[in-house]
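So that the names make sense, note that chain A is the first sequence line, chain B the second, and so on, each numbered from 1.
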Protein chains: 2
Amino acid sequence: MPGDIEATIDTIARGLARGPQPHSGRSYIEVRNLIADLIETGELAPGIRLPSERVLHELLGVARGTLRDALTLLEAEGTMHRLDRRGWFVSPPRIRYDPTTLEGFHTFVAAQGRKPTTHTLSKRLVPVNAEAASVFGLDRNDPIFLILRRRCIDDRPVLLEHIYVDPQRFPGLIEQDLDGSLSAILREHYRILTTHAQVTMYPSILTGPVAQELNVSQGTPSLFISRICRSEEGYVTEYNQNFWHYNALKLVMSVQDRAR
Amino acid sequence: MPGDIEATIDTIARGLARGPQPHSGRSYIEVRNLIADLIETGELAPGIRLPSERVLHELLGVARGTLRDALTLLEAEGTMHRLDRRGWFVSPPRIRYDPTTLEGFHTFVAAQGRKPTTHTLSKRLVPVNAEAASVFGLDRNDPIFLILRRRCIDDRPVLLEHIYVDPQRFPGLIEQDLDGSLSAILREHYRILTTHAQVTMYPSILTGPVAQELNVSQGTPSLFISRICRSEEGYVTEYNQNFWHYNALKLVMSVQDRAR
DNA sequence: TAGTGGTCTAGACCACAGA
DNA sequence: CTGTGGTCTAGACCACTAG
């Protein structure tokens with residue numbers, strides 16, 4: 001799509017010509033407001049890549065550092081994201097996710113008219129680390145299956161999963177094709193259902209290999225969600241750690257007063 | 001507590017003397033690792049204020065900007081926070097919060113051995129905005145109660161609340177003392193129970209007046225939680241928007257498979 | 001190989017907090 | 001008033017992506 005960047009430059013120049021926003025003093029805030037306005041009005045649509053930082057900072061008349069401050073702010077708000085060394089992009093709307101269901105990734109993404117894909121990065125038998133050992137009640141260094149998967153929405157990597165499964169309970173699991181629903185495999189191959197789970201969530205950042213696999217820069221904000229899944233009998237079926245590219249996600253749930 | 005800062009400088013100098021961490025190339029990452037290590041080992045305890053950026057960057061031999069990159073990373077991870085123009089502080093452990101209960105702030109904070117406090121910043125009758133109007137099924141600009149509260153854990157402001165309540169249902173509400181549990185007031189004064197709620201959560205940033213009321217800088221990462229609370233009969237009892245200083249919080253919940 | 005974002009430096013001034 | 005963090009500039013080099 002040649003010319004795309006030129007069109008984007010024009011759009012931004014036009015926004016600039018409309019004059020300063022109901023001003024707000026600091027310059028990186030003004031830059032943020034300019035871009036945020038263009039996104040709100042739809043002049044910059046989701047998926048669009050911005051011109052390079054060097055082109056932009058000159059166009060806007062601010063130092064490159066100031067421009068980056070503005071972009072980082074938009075990233076933290078969830079309206080822009082970047083692909084490592086590949087540029088800044090306008091983010092699509094957040095996907096809604098209800099953590100109180102045990103519904104799978106493919107199900108809820110597809111239900112919102114988006115395209116889910118999964119790619120298994122590795123599946124191996126490894127010595128269990130301290131954390132997973134305590135979850136499963138294993139001894140340190142006992143063997144355990146570790147599965148790494150990357151999941152995309154509309155072909156954008158948004159989620160990296162670390163899944164631990166006890167090989168005693170599910171022998172031969174990693175010989176299966178794991179690009180689909182894991183719980184479907186546990187159900188159909190092993191006749192085991194996950195009936196409840198303990199979920200923990202908090203915002204953090206992406207670092208090292210996780211950031212790399214998602215094509216994002218060190219320090220990209222993220223939402224960490226871990227899930228200890230259990231069978232009806234109460235043993236752990238899987239221990240799941242999800243690193244979400246955080247502006248991809250919005251959590252929605254309904255709750256009932258338990259006292260009633 | 002004079003001398004505190006000197007002690008902290010010593011601690012950091014000592015950490016520095018232990019030599020570079022299992023290296024990681026970039027300098028702001030090294031600085032991050034140094035400070036993160038001192039926090040993990042307990043040499044820098046929660047609540048401690050770091051020396052000024054100018055002292056630190058000289059001590060560490062990096063530019064001030066690089067130091068700030070490291071501190072910003074630690075902030076995004078949730079291990080440090082800052083008070084606007086007052087310095088950088090080691091954060092206490094995150095408080096656990098179960099969004100699937102309708103349990104109040106005071107209850108769950110106290111249950112974890114921390115000290116909760118609430119301060120009502122304002123309570124007024126205002127014309128309803130578009131968003132709240134649609135939640136309550138009111139016409140635009142109908143009058144509605146808007147209550148602003150700031151809540152602290154161990155005297156640190158961590159949460160700003162915007163609460164909307166329909167004055168038709170709860171006449172005279174803002175004449176009450178609102179520093180305690182709102183749901184207790186609705187229950188005891190009006191005999192109305194909140195029995196269920198629709199909860200939405202996503203990470204974002206703090207800006208403008210919200211950031212100011214929490215003594216944090218523009219762009220501080222946050223967790224936004226909104227709650228539409230309903231009575232048994234199904235009408236909205238309160239519409240609650242919570243802006244959490246995000247590294248204060250960790251969400252924990254258990255879920256059951258609904259299909260069962 | 002050219003151009004990108006990522007990192008880093010060494011300055012400067014301002015607004016505000018706290019004594 | 002002094003010192004703090006907050007903001008901003010104008011450079012530079014590196015590691016990597018994309019052609």
Next on the checklist: Using whole Å, what does the distance between atom C1' of nucleotide D/dT4 and atom NE2 of B/His57 come to?
Outcome noted: 14 Å
Checklist entry - Using a distance-only test with no angle check, is there a side-chain donor-acceptor pair under 3.5 angstrom linking A/Asp179 and A/Thr120? => result yes
Checklist entry - With a 4.0 Å cut-off on heavy atoms, is A/Asp69 in touch with a base, just the backbone sugar-phosphate, or nothing at all? => result nothing
Checklist entry - Heavy atoms under 4.0 Å, any strand shown: does B/Arg82 hit a base, just sugar-phosphate, or nothing? => result sugar-phosphate
Next on the checklist: Under a 3.5 Å cutoff, is there a donor and acceptor pairing between the side chains of A/Gln241 and A/Tyr239?
Outcome noted: yes
Checklist entry - Tell me: CG of A/Leu56 to C1' of C/dG3, nearest whole Å? => result 15 Å
Checklist entry - Between the main-chain N or O of A/Lys115 and the side-chain N or O of A/Asp154, is there a donor-acceptor pair closer than 3.5 Å? => result yes
Item to check | Whole angstrom value for the distance that separates C1' of C/dA10 from CG of B/Leu67 | outcome: 14 Å
Checklist entry - Rounded to the nearest Å, what distance is computed from the CD atom of residue A/Gln218 to the C1' atom of nucleotide D/dC14? => result 15 Å
Item to check | Interatomic distance where CZ belongs to B/Arg32 and C1' belongs to C/dC8 [whole Å] | outcome: 19 Å
Next on the checklist: For a quick check of understanding: with a heavy-atom distance under 4.0 Å over all strands, which category does A/Arg54 fall into, base, sugar-phosphate or nothing?
Outcome noted: base
Next on the checklist: Does a side-chain N or O of A/Ser52 approach OP1 or OP2 of C/dT4 to a distance below 4.0 Å, or not?
Outcome noted: yes
Next on the checklist: If the cut-off is 4.0 Å, is B/Thr66 near the phosphate of C/dT9, judged by side-chain N/O to OP1 or OP2?
Outcome noted: yes
Checklist entry - How close or far is atom P of D/dT17 from atom CG of A/Leu83, stated in whole angstroms? => result 11 Å
Checklist entry - So which of B/Glu75, B/Glu53, B/His81 actually passes side chain to side chain donor-acceptor pair (under 3.5 Å) with B/Trp88? => result B/Glu53
Next on the checklist: Could you tell me how far apart A/Arg85 (CZ) and C/dG5 (P) are, to the nearest whole angstrom?
Outcome noted: 11 Å
Next on the checklist: Please confirm whether the shortest side-chain N or O distance from A/Arg64 to OP1 or OP2 of D/dT9 is below 4.0 Å.
Outcome noted: no
Checklist outcome for this item: Per nearest nucleotide of DNA chain D, the residue lying toward the 5' end, A/Tyr28 or A/Asn215, is A/Tyr28
Item to check | Under-4.0 Å salt bridge between A/Arg32 and A/Glu77 | outcome: yes
Item to check | Partner nucleotide of D/dG19 by Watson-Crick or wobble geometry (both distances under 3.5 Å) | outcome: none
Next on the checklist: Measuring to OP1 and OP2 of D/dA18, would you say a side-chain N or O of A/Arg86 lies under 4.0 angstrom away?
Outcome noted: yes
Checklist entry - Where the side chain of B/Glu53 is defined as all heavy atoms beyond and including C-beta, which of C/dA10, D/dG5, D/dC8 is the nearest nucleotide? => result D/dG5
Checklist entry - Whole Å only: how far is the CZ atom of A/Arg68 from the P atom of C/dT7? => result 7 Å
